[in-house]
A.B. asks: 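Sharing a structure with you now.
In the text below, chain A, chain B and the rest are named by the order of the sequence lines, each starting its count at 1.
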Amino acid sequence: MKYPFTEVEKKWKKRWEDNKTYKTDLTNLEKALYTLVMFIYPSGSKLHIGHWYNYAPTDSWARYKKLRGYNVFEPMGYDAFGLPAENYAIKTGIHPQDSTFQNIDDIREQLKTMGCMYDWDAELMTCVPEYYKWNQWLFIELYKKGLAYRKNAPVNWCPSCQTVLANEQVQSSGTCERCDTMVERKNLTQWFFKITDYADELLDGLKTIDWPEKTKTMQENWIGKSFGTEVKFGVVGHQDKEIRVFTTRPDTLFGVTYVVLAPELDLVQELKQSNKIFSKDQLSKDKQTLISKLQTNNVLMEETTRDLRQFHSNNSIKTEQTNFIDDSNNIYYLYENFPLTQDLLSEVFEYPLTTIRSILKIVANNNYEDIKNKFKKRTNRINTDLAVLEKCENKKQSRRISNYIKKSSHLSEIERTSTVKEKTGVFTGAFAINPVNGEKVPIWIADYALATYGTGSVMAVPAHDERDFEFAIKFNLPIRKVILEQGTDENAELTEAFTNSGIMINSAQFNGTDSVEGKSTITDWLSENNNGEKKINYRLRDWLISRQRYWGTPIPIIYCDKCGEVTVPEEQLPVKLPYDVNFKHDGASPLAGNVEFVNTTCPKCGGHATRDVDTMDTFMDSSWYYLRYLNPKFSDGMFDTKLGDDWTPVDMYVGGAEHATMHLLYARFIHKFLRDIGLVNSDEPFKRLIHQGTITNNGAKMSKSKGNVVNPGSFIEEYGSDVFRMYLMFMGPYELGGDWSDKGIVGVDRFVQRAYTLFENNENLGKTVSATIKFEMDKLSPIEKSIYQLVNKTLAKFENEIDNFRFNTAVASLMELNNGLKELSECSNEMKLFALERFAVMLGPLAPHMAEECWSMLGNEKGLYDNPIWYDIDENALVQESVTIVVQVNGKVRAKMDLQLDTDEAKVKELAWSDDKVKNHTDGKIIVKEIYIKNKIYNIVVR
RNA sequence: GCGAGGGUGGCGGAAUUGGUAGACGCGCUAGACUUAGGAUCUAGUAUCGAAAGGUGUGGGGGUUCGAGUCCCCCCUCUCGUACCA
């Protein structure tokens, strides 16, 4: 008879449910094992094969552990808050709460068809007040410890939808996912969690957990700890200001030719304002006279920006700068007090400064005093120092800066930081002072400097940094080599940035130092002179948790005119999410529209106050749900701390690799925080982590929007859930995933049919024969012996494979066993029972319904999972008595010999040489050597 | 660009420490049983060759008695990441 999966599945599901087979006794800590799979987002679409691929094999692992006597806790729940439900509401008008509850009901039913051993008493959902109350409580705890704070931060804002978008809703083109409008960045005051306080611990903890190396590396990079130096640059004309830059290459400090500020920095605004542009008549009489003289004397340089920068950077020139606008709306920079040094004069001569050159030409060959005198005569300056006038390239320099800042604010984070984008920037007109040599370098703003990293200011060393090099080339800024690559010419021009270590040059007293050593030498020098210090920087940013959205946990903060920011008192929690809300976007958080919600009284003074109208990031929910599962109905706290201590860290956690740096980092942070406030006694939430691979469809990720989702429905109907789950496991390595194809499912089905028939043919065997634990191999027939060995071998293999999530080879080993049991009919009933008992038990984790049925067909009264059982291996049966020894000639296989294990070399040699093929290949050749690897190979080397 | 992981028959994929490459399954071929076969069973199936014997794990080089496995260079695919100073 064909395996009647419909009846069998129904029968066992009912029995499991009636017997509460999968209800875990959490007070029993002997061999306690917490297996967890990332909980499900209850969307309107059905469970697809991706969910099955995630959950079913994990359940098989848990079942295996259960059969081995572990007290396994395997819960399932719903990550029920979030954007999709709200977007769905905007589209259809169905309230997120209604659709979510409906979806949860549907999904629960679908999950049950899988036949996983979830403890349904532990089921939880995050969108109910009993759950999110504790998000709020946790928020307040963080707040009390100074780890929750508010600051102004940019969000992705769609001007057309009038709403805030999550990063993943912004397309790579920088447009809105829904309406294709260009997304803007808008500053809003928002809540942050200070995860950065835990940066070091999050980094160190990685060493203690059994996670995929790849994931740990990703977290490591994400945290991005980097050791460097913070250097203080002065600002010309602003004694009170300084620019701090972070660098990992203090050894290149002498190569700084400009400084870059991120456009968002407050300092940029100040510099812009301080570099005020005067109208010409606002200037002093003296200056006006000077300007006219410079203009009439034609000491006006039309194309001199580049050359001026050269002056500034190559020489320690201290000038006074005045910006003004003339009657024809041209902007000029007037630099006074250029010291007319010999250096400058010779330098000037190098560049096509037509005007100055024409002046200096006259005096080129004269001595310094002559030059001074002649220059004085020519310009009618009393002062012998040079004044120069630079015409601004762009008439609207100031506006240019503003425009640039505005423009970069329009770019999304993704777009701005795209490396393929060409570098942009604008000169501020201001100069910074390099502390190491007093050199003046121009200050630029450019969006390749990120306000969110380090100080937001960068010292640019084009010669030794790729980005700076690219920028310098584009804007014609000087490139000064200060690290010499070994074996290269000091004067050779660089065609690309040299970023490795070398010998320091052009670095005054540090010349000749190895650049690696130079890092600390220079840093020490800076510290001594109070110009900088050692500094550690992190790439990790604080966790922005505010969402200008409805379907989430309300932030438990009240704003009072008198008392300011006040937390909601614990006894007033939860702050319930009101049902009646216009969640259609109107430019603000939907909760802002609910007057009843917003208006409240201040818990401190009783006066009028308003509530925070934002909700929390849903990663908050998933940061501690594994603790709540232990008792979702617990009301005396976030979770039962006794159970938390007993059952966490989670022994096995399975979920997608896409959560590597978000969820998995946040949960670790929260866990550590909970430890610090005494709620858990462990450092890490998840001891062991496995990522399932992704199942693609024709190479594309399955998604509802693409319409390429494969539903398991038809396969379940045709083959049953056990065959389907086993096929998913058989497809390939679990952690790799792969492209979906149903081509091989018939193979698994055939295997199941054959196995079922085998049990059918031996029905009630256990009632007539008593079970044997161990056989004396000498007393077995050859067939019995080989079956006995195969069964034991399979057990050993199977255990190892399942333990390590290698389900494909575990299934294969059972198929091999099944093939090997073809001759079972020729065995004694004792041997039959021995083999079939073990076969049924091994089927248990992979095909739970079928295995229960087979197990009961043998005559067992108690179910496999009600009375878990696993068999010991007879080690004697694993010992091979004979072994195939391969005879090679020059590494090529020429003969194979079946010999007793541990046959001695002389005997092997004799047999090897008696083989005809071996003779053929060695005749007439010189024997160089012979190698014998015991029980494996006999290799003859000839020439 | 950088980081990680892959590339093995017609296909999905096996191969503890270097030691018989291709387990298991699909597909295919032949046969058996059948009124029938998209059921089941049996045998075969890397490739060239009639055979002997060659050749074979992306390509090239190397180490070794022996390399899918170790080392160097290159090609290619997938994933992650995106100017982190």
Side-chain angles (χ1 to χ4, degrees), chain A residues 2 212-215 217-218 220-222 224-226 228-229 245-249 252 260 413-421 423 446-450 452-461 464-468 470-471 537-541 657-658 660-661 691 693-694 696 699 701 727 730-733 735-748 750-751 753-754 757 797 800 806 808-819 822 884-896 917 920-921 928-942:
Chain A
K2 212 165 177 282
E213 280 310 312
K214 192 181 158 182
T215 309
T217 308
M218 275 167 80
E220 214 178 294
N221 294 340
W222 193 262
K225 185 174 188 173
S226 92
T229 305
V245 302
F246 174 74
T247 178
T248 53
R249 292 297 303 272
T252 63
V260 183
E413 185 87 343
I414 299 147
E415 211 184 355
R416 229 186 94 172
T417 52
S418 161
T419 39
V420 289
K421 183 177 136 296
K423 297 250 178 313
D447 61 10
Y448 84 91
L450 307 172
T452 46
Y453 183 77
T455 58
S457 318
V458 183
M459 60 175 229
V461 186
H464 306 291
D465 181 283
E466 281 159 27
R467 294 151 302 182
D468 299 341
E470 196 192 323
F471 193 82
N537 241 316
Y538 298 90
R539 205 190 95 118
L540 183 71
R541 303 175 195 176
E658 66 274 20
T661 49
H691 296 304
T694 336
T696 53
K701 232 178 213 159
Y727 176 58
F730 186 59
M731 274 172 53
E735 278 151 283
L736 246 65
D739 206 43
W740 170 253
S741 156
D742 58 8
K743 266 167 102 185
I745 193 166
V746 291
V748 176
R750 281 176 201 158
F751 160 68
Q753 300 306 338
R754 280 197 283 255
T757 308
K797 165 112 175 152
N800 190 26
R806 289 192 295 259
N808 54 334
T809 45
V811 175
S813 75
L814 292 193
M815 287 175 167
E816 279 176 83
L817 176 65
N818 193 37
N819 294 343
K822 274 170 190 163
T884 308
I885 292 177
V886 172
V887 184
Q888 298 183 334
V889 177
N890 285 351
K892 291 206 163 102
V893 180
R894 296 303 171 191
K896 292 174 187 178
K917 281 192 184 171
N920 287 343
H921 284 92
V928 179
K929 63 167 141 173
E930 292 170 60
I931 294 138
Y932 177 52
I933 308 293
K934 205 171 158 191
N935 296 325
K936 274 182 181 160
I937 256 172
Y938 195 85
N939 192 8
I940 300 162
V941 186
V942 294

A.B. asks: Between the side chain of A:Asn939 and the main-chain N/O of A:Ile931, is any donor-acceptor distance below 3.5 Å?
C.D. replies: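 No.
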A.B. asks: Return the value, rounded to whole Å, for the distance between atom NZ of A:Lys214 and atom P of B:A4.
C.D. replies: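 That distance rounds to 11 Å.
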A.B. asks: Rounding to an integer number of angstrom, what distance separates B:C26 and B:G18 when you compare their P atoms?
C.D. replies: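 Nearest-Å result for B:C26 against B:G18 at atom P: 34 Å.
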A.B. asks: Rounded to whole angstroms, how far apart are CE on A:Met218 and P on B:G5?
C.D. replies: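 Going from CE in A:Met218 over to P in B:G5 covers 13 Å.
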A.B. asks: Nearest 0.5 Å please: distance from the CD atom of A:Glu220 over to the OG1 atom of A:Thr661.
C.D. replies: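 It is 13.5 Å, given to the nearest 0.5 Å.
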A.B. asks: Could you grab the distance from atom CG of A:Asn890 to atom NE2 of A:His921, nearest 0.5 Å is fine?
C.D. replies: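 Answer for the CG-NE2 pair, A:Asn890 versus A:His921, is 9.5 Å.
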A.B. asks: Given atom CH2 of A:Trp740 and atom C1' of B:C11, what is their separation to the nearest angstrom?
C.D. replies: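 One finds 15 Å between C1' of B:C11 and CH2 of A:Trp740, rounded.
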A.B. asks: Answer yes or no: does a side-chain N or O of A:Arg467 lie under 4.0 Å from OP1 or OP2 of B:C84?
C.D. replies: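 For A:Arg467, the contact criterion (side-chain N or O under 4.0 Å from OP1 or OP2 of B:C84) is met.
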A.B. asks: With a non-hydrogen cut-off below 4.0 angstrom, is A:Val458 in contact with a base, only sugar-phosphate, or nothing?
C.D. replies: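 Counting heavy atoms under 4.0 Å across all strands, the contact made by A:Val458 includes a base.
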A.B. asks: Does any nucleotide pair with B:A82 by Watson-Crick or G-U wobble geometry, both distances under 3.5 Å, and what is it?
C.D. replies: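 Result: none.
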A.B. asks: Short question: side chain of A:Asp468, backbone of A:Val461 - any donor-acceptor pair under 3.5 Å?
C.D. replies: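 Side chain of A:Asp468 to backbone of A:Val461: a pair is present.
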A.B. asks: Could you tell me whether A:Glu930 contacts a base, only the sugar-phosphate backbone, or nothing, with contacts defined as non-hydrogen atoms closer than 4.0 Å?
C.D. replies: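 Since no nucleic acid heavy atom lies under 4.0 Å of A:Glu930, the category is nothing.
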A.B. asks: State whether A:Lys892 places a side-chain N or O below 4.0 Å from either non-bridging phosphate oxygen (OP1 or OP2) of B:U20.
C.D. replies: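 No, A:Lys892 has no side-chain N/O under 4.0 Å of OP1/OP2 on B:U20.
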A.B. asks: Taking A:Ala460's backbone N and O only, do any of them form a donor-acceptor pair with A:Asp465's side chain (distance below 3.5 Å, no angle check)?
C.D. replies: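 No.
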A.B. asks: Nearest 0.5 Å, please: how far is CD in A:Glu213 from CE in A:Met218?
C.D. replies: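 The CD atom of A:Glu213 is 13.5 Å from CE of A:Met218, to the nearest 0.5 Å.
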A.B. asks: If you restrict it to nitrogen or oxygen atoms, what contacts under 3.5 Å exist between nucleotides 24-27 of chain B and the protein, and what is each distance?
C.D. replies:
from  : atom 1 : to       : atom 2 : distance (Å)
B:G25 : OP1    : A:Asn819 : ND2    : 3.0
B:C26 : OP1    : A:Arg750 : NH1    : 2.6
B:C26 : O2'    : A:Lys743 : O      : 3.2
B:G27 : OP2    : A:Arg750 : NH1    : 3.3

A.B. asks: To the nearest 0.5 Å, how far apart are OG1 in A:Thr884 and CG in A:Asn935?
C.D. replies: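 So the gap between those two atoms works out to 10.5 Å.
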A.B. asks: Write down the distance separating the P atoms in B:U16 and B:U78, rounded off to the nearest Å.
C.D. replies: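 Approximately 27 Å lies between the P atom of B:U16 and that of B:U78.
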A.B. asks: At 4.0 Å (heavy atoms only), tell me whether A:Thr247 reaches a base, stays on the sugar-phosphate, or touches nothing.
C.D. replies: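 Since only primed, P, OP1 and OP2 atoms lie under 4.0 Å of A:Thr247, the category is sugar-phosphate.
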A.B. asks: What orientation do A:Phe246 and A:Tyr453 show, parallel under 30°, tilted 30 to 60°, or perpendicular over 60°?
C.D. replies: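 Ring orientation, 0 to 90° scale: perpendicular.
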A.B. asks: What distance, rounded to whole Å, do you find between the two P atoms, one in B:A15 and one in B:G27?
C.D. replies: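 So the two P atoms sit 23 Å from each other.
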A.B. asks: Check whether any side-chain nitrogen or oxygen of A:Asn808 sits under 4.0 Å from OP1 or OP2 of B:A14, and answer yes or no.
C.D. replies: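 Checking A:Asn808 against B:A14: at least one side-chain N or O falls below 4.0 Å of OP1 or OP2.
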A.B. asks: Could you work out which one of B:G19, B:A14, B:A85 sits closest to the side chain of A:Asn939?
C.D. replies: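 Among B:G19, B:A14, B:A85, the one nearest the side chain of A:Asn939 is B:G19.
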A.B. asks: Looking at the side chain of A:Thr809, which of B:A15, B:A85, B:U20 is the nearest nucleotide?
C.D. replies: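 Closest nucleotide among those given: B:A15.
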A.B. asks: Please give the nucleotide sitting opposite B:U63 as a Watson-Crick or G-U wobble pair, both distances under 3.5 Å, or none.
C.D. replies: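 With both distances under 3.5 Å required, B:U63 matches none.
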A.B. asks: Please measure how far the C1' atom in B:A51 lies from the corresponding atom in B:G13, and state the result in whole Å.
C.D. replies: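 My reading of the C1' atoms in B:A51 and B:G13 gives 33 Å.
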A.B. asks: Please give the nucleotide sitting opposite B:G5 as a Watson-Crick or G-U wobble pair, both distances under 3.5 Å, or none.
C.D. replies: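 WC or wobble partner is B:C77.
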A.B. asks: Taking the P atom of each, how far is B:A14 from B:G25, in whole Å?
C.D. replies: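 So the two P atoms sit 15 Å from each other.
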A.B. asks: Counting only Watson-Crick or G-U wobble pairs whose two distances fall under 3.5 Å, which nucleotide matches B:A30?
C.D. replies: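 Looking at the geometry, B:A30 pairs with B:U42.
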A.B. asks: Out of curiosity, A:Lys423 NZ to A:Tyr448 OH, how far, rounded to the nearest 0.5 Å?
C.D. replies: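 Interatomic distance, A:Lys423 NZ to A:Tyr448 OH, rounded to 0.5 Å: 7.0 Å.
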A.B. asks: Go through the steps for A:Thr215 and A:His691 under the test side chain to side chain contact (heavy atoms under 4.5 Å, CB included), then give the verdict.
C.D. replies: CA-CA 9 Å; A:Thr215 309; A:His691 296 304; 2.7 Å; yes
A.B. asks: Once you apply the 3.5 Å cut-off to both distances, tell me the Watson-Crick or G-U wobble partner of B:G49, or none.
C.D. replies: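 The base-pairing partner of B:G49, which may sit in any strand shown, does not exist here.
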A.B. asks: Pick the C1' atom in B:U17 and in B:U64, then give their distance to the nearest Å.
C.D. replies: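 Their C1' atoms lie roughly 16 Å apart.
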A.B. asks: Could you state the CZ-P distance from A:Arg539 to B:A85, rounded to the nearest angstrom?
C.D. replies: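 Interatomic distance, CZ of A:Arg539 to P of B:A85: 10 Å.
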A.B. asks: If you find the nucleotide of RNA chain B closest to A:Gly732 and the one closest to A:Val893, which residue's nucleotide is nearer the 5' end?
C.D. replies: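 Comparing both residues, the 5'-ward one is A:Gly732.
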A.B. asks: Establish, with yes or no, whether the OP1 or OP2 oxygen of B:G54 is under 4.0 angstrom from a side-chain nitrogen or oxygen of A:His921.
C.D. replies: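 A:His921 to B:G54 OP1/OP2: side-chain N or O found under 4.0 Å.
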A.B. asks: Determine whether any donor atom in the side chain of A:Lys936 lies under 3.5 Å from an acceptor atom in the base of B:U17, or the reverse, and answer yes or no.
C.D. replies: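 Between B:U17 and A:Lys936, which were checked side chain against base, a qualifying N/O pair under 3.5 Å is present.
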A.B. asks: Is a side-chain N or O of A:Thr455 found less than 3.5 angstrom from the main chain of A:Ser457, in a donor-acceptor match?
C.D. replies: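 Side chain of A:Thr455 to backbone of A:Ser457, a donor-acceptor pair under 3.5 Å: yes, one is there.
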A.B. asks: For B:G56, give its Watson-Crick or G-U wobble partner with both distances under 3.5 Å, or none.
C.D. replies: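 Its partner is none (no Watson-Crick or G-U wobble pair with both distances under 3.5 Å).
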A.B. asks: Need one value for A:Lys822: base, sugar-phosphate or nothing, where a base atom within 4.0 Å counts as base even if backbone is also close, heavy atoms only.
C.D. replies: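 Sugar-phosphate contact only - A:Lys822 comes under 4.0 Å of backbone atoms but never of a base.
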A.B. asks: Which value, in whole Å, describes the distance between the P atoms of nucleotides B:A43 and B:C24?
C.D. replies: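 Roughly 12 Å separates the two P atoms.
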A.B. asks: Is the phosphate of B:C79, meaning OP1 or OP2, less than 4.0 Å from a side-chain N or O of A:Lys701?
C.D. replies: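 Answer is no, no contact under 4.0 Å.
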A.B. asks: Return the value, rounded to whole Å, for the distance between atom CD1 of A:Ile885 and atom P of B:U20.
C.D. replies: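 Spelled out: CD1 on A:Ile885 to P on B:U20 is 13 Å.
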A.B. asks: Can you tell me how far P of B:A82 sits from CG of A:Asn221, to the nearest Å?
C.D. replies: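 It works out to 11 Å between those atoms.
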A.B. asks: Expressed in whole Å, how much space separates the P atoms belonging to B:C11 and B:A23?
C.D. replies: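 Each nucleotide's P atom is 15 Å from the other's.
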A.B. asks: Does B:U20 have its OP1 or OP2 closer than 4.0 Å to a side-chain nitrogen or oxygen of A:Lys896?
C.D. replies: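 It does not, given that no N or O in the side chain of A:Lys896 lies less than 4.0 Å from OP1 or OP2 of B:U20.
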A.B. asks: How would you label the glycosidic angle of B:G6: syn (within 90° of 0) or anti?
C.D. replies: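 It is anti.
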A.B. asks: Distance check needed: B:A85 P versus A:Arg249 CZ, whole Å only.
C.D. replies: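 These atoms are roughly 12 Å apart.
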A.B. asks: Let me spell it out: for each of A:Pro733 and A:Ile931, pick the nucleotide of RNA chain B with the closest heavy atom. Which residue's pick is nearer the 5' end?
C.D. replies: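 Going by which nucleotide is closer to the 5' end, it is A:Pro733.
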A.B. asks: Can you measure A:Asp742 atom CG to B:G38 atom C1' for me and round it to whole angstrom units?
C.D. replies: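 About 14 Å, once rounded to whole Å.
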A.B. asks: If only side-chain N and O atoms of A:Arg894 are considered, is one of them under 4.0 Å from the OP1 or OP2 phosphate oxygen of B:G54?
C.D. replies: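 Answer is yes, contact under 4.0 Å.
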A.B. asks: OP1 or OP2 of B:A85 versus the side-chain N and O atoms of A:Ser226: is any pair under 4.0 Å?
C.D. replies: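 Answer is yes, contact under 4.0 Å.
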